[in-house]
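Here is how names work: the chains are called A, B, and so on, in the same order as the sequence lines, proteins then strands, and each is numbered from 1.
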Amino acid sequence: MAKITSVRGFRDILPDETPKWQGVEEKIRKTFSKFGVREIRIPVLEKTELFKRGIGEATDIVEKEMYTFLDRGNEYLTMRPEATASVIRAYIEHHIYEKDPVAKLFTIGPMFRRERPQKGRFRQFHQINVEFLGQEDPRIDAELMFMLMCLLREAGIDNLKLEINSLGCDTCRPAFREKIINFLKDREQDLCDDCRRRLLTNPLRIFDCKNESCREIIAEAPVVMDFICGQCSEHFGKVQEYLELLRIPFTVNTKMVRGLDYYTRTAFEVTTQSLGAQNAVTGGGRYDGLVQMLGGPDISGIGFAIGFDRLISMIPDEDTSYIDRPDIFIAALGDKAQCFAFSLCNTLRMAGVRTEMDFSNRGLKSQMKRSNKLDCLRTLIIGEKEMEEGIAQLRNMSDGTQEPVDINDAEGIIKRIQLS
RNA sequence: GUGGGUGUAGCUCAGUUGGUCAGAGUGCCUGGUUGUGGCCCAGGAGGUCGAGGGUUCAAGUCCCUUCACUCACCCCA
């Protein structure tokens, strides 16, 4: 029979890796709880219209990366390519703002985009999303970024760079957009092919082109900062002040732009050197018009998405804080001892001790090997002699020392394990 | 969607101009030690050389097709 493999870009996360995922998630949840961020769980499937309206018709995501299909009910559905639109949909649908317009929400789960896979990029990938809704104060921008940097540090990752920018709001951005298009049109012949195309689709993206002649042009181009309105400028200034107050290192990157249409004002990105070309670990920003755009009241919001897969891949394998080894292995010889050990093994487990044993009925040597392979901290050796005397040998696998223990005193064994 | 790289044992990979080229290391099993792991030594199992076609007396090696993986562009987390 031919083997059936997983779908391209969809991968299995194997038991050797899951402890990292669980460990990081646990740390992140603790941080969220300190900041009063509560979990919301949302569906993986949404009506296609949600993303068209939320992310923007003309974006690459909506144009060519979504898993969309016609459902039997004759309705177009889409595997979500991002979470913010869904969170806002739920916030509106359940009238969460009626009870309290201020909401701090997070959600964790898989997203789907049909791109060509490469290092750090999969068709099913995982994001940790945070949305702070109902507050426009620049302190909320700073607090969100502060929390983000805290939780990345707690996950054991450093060497990160926080870059921020302001994209302006609905009133000042169109003017800037027009300015930049005019500026670039005059120099169109010096732009690369990609950028000439971008001029029509998404002119702001030309800002992060790597082509040298494009960069030269960009260097002289007008910057968002020079065009944003008074309020946006003041907001951005305050955000920087508060970031400094909270001692968060950052750099202003006036060329940073975002690929989703809903972003306004503050935009930010956390990047690293260690991921190859896909160097963004987190991207986020303010989206003051999104709630209204999705049919809700005029409520502002700001949020970010952490690329969970990328985050995990940055944790060095030497980081031992995520490994989880058995406390004890019971090596039992002979039917009587095996029987006794089977019972003891499960008693220890119920008492919270991570216990392993082996039913193959092989010799002590191979059971010791298995204990070693499983990286058990200790081995309890119970042979026929020990069964008769009621005294087993508790061996420390790192230094090879052994001590006698009373096999009928499970509590005594547990205490000894928990002490060392 | 576009371009490059790679597919040989469970894993990581050698394999020269076509001619003992079916290999190493590691992992696994057994033994050296009849009740003591790791280190060492010996032995063993394990592969339609990604798949299909072609050239040739002869193909892991050359040609064509195809699939998969991978990196980069694009884009993004």
Side-chain angles (χ1 to χ4, degrees), chain A residues 2-9 11 16 55 59-66 81-84 108-130 148 152 192-195 197-198 201-202 205 208-211 256-260 263 268-272 275-285 303-314 329 331-334 337 358 360 362-387 392-402:
Chain A
K3 249 192 275 184
I4 299 174
T5 60
S6 61
V7 176
R8 163 180 294 198
R11 60 174 182 152
D16 281 347
I55 300 170
T59 57
D60 278 24
I61 294 178
V62 173
E63 261 180 7
K64 50 192 188 199
E65 295 173 2
M66 296 203 303
E82 64 112 36
T84 301
I108 297 179
M111 307 295 155
F112 307 86
R113 290 183 201 169
R114 203 184 179 293
E115 300 176 87
R116 191 81 168 255
Q118 71 183 74
K119 191 181 175 70
R121 195 175 73 184
F122 310 96
R123 289 180 172 184
Q124 175 179 332
F125 59 102
H126 302 80
Q127 285 190 341
I128 301 158
N129 272 259
V130 176
L148 169 62
L152 291 175
C192 68
D193 292 347
D194 278 336
C195 285
R197 183 178 51 76
R198 287 181 182 124
T201 58
N202 193 347
R205 282 235 79 90
D208 47 22
C209 182
K210 280 135 201 152
N211 183 290
M256 185 183 65
V257 285
R258 310 260 71 222
L260 287 73
Y263 287 114
F268 58 96
E269 210 168 84
V270 179
T271 55
T272 170
L275 284 180
Q278 306 303 315
N279 63 354
V281 189
T282 304
F304 61 74
I306 300 174
F308 207 162
D309 308 69
R310 292 181 186 176
L311 185 66
I312 296 296
S313 72
M314 290 175 65
F329 183 93
L333 300 160
D358 170 86
S360 68
R362 290 193 290 186
L364 179 59
K365 179 179 177 142
S366 77
Q367 293 196 48
M368 292 292 293
K369 274 192 172 174
R370 179 140 186 91
S371 173
N372 190 60
K373 186 183 166 182
L374 294 173
D375 204 19
C376 300
L377 295 164
R378 310 169 189 77
T379 303
L380 184 68
I381 300 165
I382 310 174
E384 277 156 28
K385 192 175 74 191
E386 285 80 0
M387 280 304 288
Q393 293 298 320
L394 182 61
R395 181 180 182 89
N396 180 320
M397 295 300 279
S398 53
D399 60 19
T401 57
Q402 288 185 188

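Base pairing of C49(B): no nucleotide in any strand meets the Watson-Crick or G-U wobble criterion (both distances under 3.5 Å). When both distances must be under 3.5 Å, the Watson-Crick or G-U wobble mate of C73(B) is G1(B). Within the shown strands, nothing qualifies as a pairing partner of U17(B) under the Watson-Crick or G-U definition with both distances less than 3.5 Å. Using N1 to N3 plus N6-O4 or O6-N4 for Watson-Crick, or N1-O2 and O6-N3 for G-U wobble, each under 3.5 Å, A42(B) pairs with U30(B). Across all strands shown, G60(B) remains unpaired; no Watson-Crick or G-U wobble contact has both distances below 3.5 Å. Under the Watson-Crick or G-U wobble criterion, with both distances below 3.5 Å, U36(B) has no partner in any strand shown. Across every strand in view, U12(B) sits in a pair with A24(B) that passes the Watson-Crick or G-U test at under 3.5 angstrom. With a 3.5 Å ceiling on both atom-pair distances, the Watson-Crick or G-U wobble partner of G7(B) is C67(B).
Across all strands, Arg378(A) comes closer than 4.0 Å to no nucleic acid atom at all (heavy-atom distances). No contact: Phe329(A) has no heavy atom under 4.0 Å from any strand. As judged by a 4.0 angstrom heavy-atom cut-off over every strand, Thr282(A) is placed among residues touching the sugar-phosphate backbone only. Across all strands, Gly284(A) comes closer than 4.0 Å to no nucleic acid atom at all (heavy-atom distances). Residue contacts for Leu311(A): at a heavy-atom cut-off of 4.0 Å it reaches no nucleic acid atom on any strand shown. Nucleic acid contact class of Gln278(A) (heavy atoms, under 4.0 Å, all strands): base.
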Problem set entry | Evaluation steps, side-chain contact (heavy atoms from CB on, under 4.5 Å), between Met66(A) and Val62(A) | CA-CA 6 Å; Met66(A) 296 203 303; Val62(A) 173; 4.2 Å; yes

Exercise. Checking side-chain contact (heavy atoms from CB on, under 4.5 Å) for the pair Arg114(A)/Arg8(A): CA distance, chi angles, key distance, verdict?
Worked result: CA-CA 10 Å; Arg114(A) 203 184 179 293; Arg8(A) 163 180 294 198; over 6 Å; no

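Taken from OG1 in Thr84(A) to CG in Asn129(A), the straight-line distance is 5.0 Å, to the nearest 0.5 Å. Atom CZ of Arg123(A) and atom CD of Glu115(A) lie 9.0 Å apart (nearest 0.5 Å). For the atom pair Thr282(A) OG1 and Phe268(A) CZ, the distance stands at 8.0 Å (nearest 0.5 Å).
Rounded to whole Å, the C1' atom of G54(B) lies 11 Å from the corresponding atom of A59(B). Nucleotides G60(B) and A51(B) are separated by 11 Å at their P atoms, to the nearest Å. Using C1' as the reference atom, U26(B) and G38(B) are 16 Å apart when rounded to the nearest Å. Comparing the same atom, P, in A9(B) and in C49(B) gives a spacing of 10 Å after rounding to whole Å. Remark: the separation of the P atoms in U70(B) and C29(B) is 30 Å, to the nearest Å. Taking the P atoms as reference points, G47(B) lies 24 Å from A42(B), given to the whole Å. Taking atom C1' in both C40(B) and A14(B), one finds a spacing of 26 Å when rounded to whole Å. Separation of the C1' atoms belonging to G5(B) and C57(B) is 35 Å when rounded to the nearest angstrom.
Listed pair Arg8(A) / U70(B) fails the phosphate criterion, with no side-chain N or O lying under 4.0 Å from OP1 or OP2. Listed pair Gln118(A) / C71(B) fails the phosphate criterion, with no side-chain N or O lying under 4.0 Å from OP1 or OP2.
Nucleotide C71(B) holds its C1' atom 9 Å from the NZ atom of Lys119(A), rounded to whole Å. In this structure, CZ of Phe125(A) is placed 8 Å from P of A77(B), rounded to the nearest angstrom. Summarising the geometry, the separation between CZ on Phe122(A) and P on A68(B) is reported as 17 Å, rounded to the nearest angstrom. Following rounding to the nearest Å, Ile55(A) (CD1) and A77(B) (C1') show an atom-to-atom distance of 13 Å. The CE atom of Met256(A) sits 11 Å away from the P atom of A77(B) (whole-angstrom rounding). Taking atom CZ on Phe112(A) and atom C1' on C75(B), their separation rounds to 19 Å, with Å as the unit. The interatomic distance linking Arg362(A) (CZ) with C28(B) (P) rounds to 11 Å, in whole Å.
Under the 4.0 Å criterion applied to side-chain N and carboxylate O atoms, Arg258(A) and Glu269(A) are assigned as salt-bridge partners.
When all heavy atoms are compared, the tightest approach of Phe125(A) to Phe112(A) is CE2-N, 4.2 Å. Closest heavy-atom contact between Gln127(A) and Ala83(A): OE1-N, 4.3 Å. The minimum heavy-atom distance linking Gln278(A) with Lys119(A) is given by the pair CG-O, 3.1 Å. Taking every heavy atom of both residues into account, Ile55(A) and Glu82(A) meet most closely at CD1-CG, 3.6 Å. Residue Met397(A) comes nearest to Thr379(A) through the heavy atom pair SD-OG1, 3.0 Å, listed as atom of the first residue, atom of the second, then distance. Between Leu364(A) and Leu333(A), the shortest heavy-atom distance links the atoms N-CD2, 3.5 Å.
Side-chain atoms of Glu384(A) never come within 3.5 Å of backbone atoms of Ala337(A) as a donor-acceptor pair (strictly under, hydrogens ignored).
For the pair His126(A) and Ile312(A), the minimum side-chain heavy-atom distance is 4.5 Å or more.
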Problem set entry | Letter per nucleotide, 5' to 3', of nucleotides 42-48 of chain B [B base touched, S only sugar-phosphate touched, - untouched; heavy atoms, 4.0 Å] | -------

For this session: Encode nucleotides 35-40 of chain B as B, S and - characters from 5' to 3', where the letter depends on protein heavy atoms closer than 4.0 Å: B to the base, S only to sugar-phosphate, - to neither.
Result: BBBB--

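Comparing Val7(A) and Tyr263(A), the nucleotide of RNA chain B nearest to each residue sits closer to the 5' end for Val7(A). Judged by closest nucleotide on RNA chain B, Gly276(A) is the one of Phe308(A) and Gly276(A) placed further toward the 5' end.
The 12-atom threshold is exceeded at CD of Glu63(A), counting heavy atoms of other residues, nucleotides or ligands nearer than 6.0 Å.
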Report all interatomic pairs (protein N or O, nucleotide N or O of nucleotides 1-6 of chain B) with separations under 3.5 Å.
| residue | atom | partner | partner atom | Å |
| --- | --- | --- | --- | --- |
| U2(B) | O4 | Arg116(A) | NH1 | 2.5 |

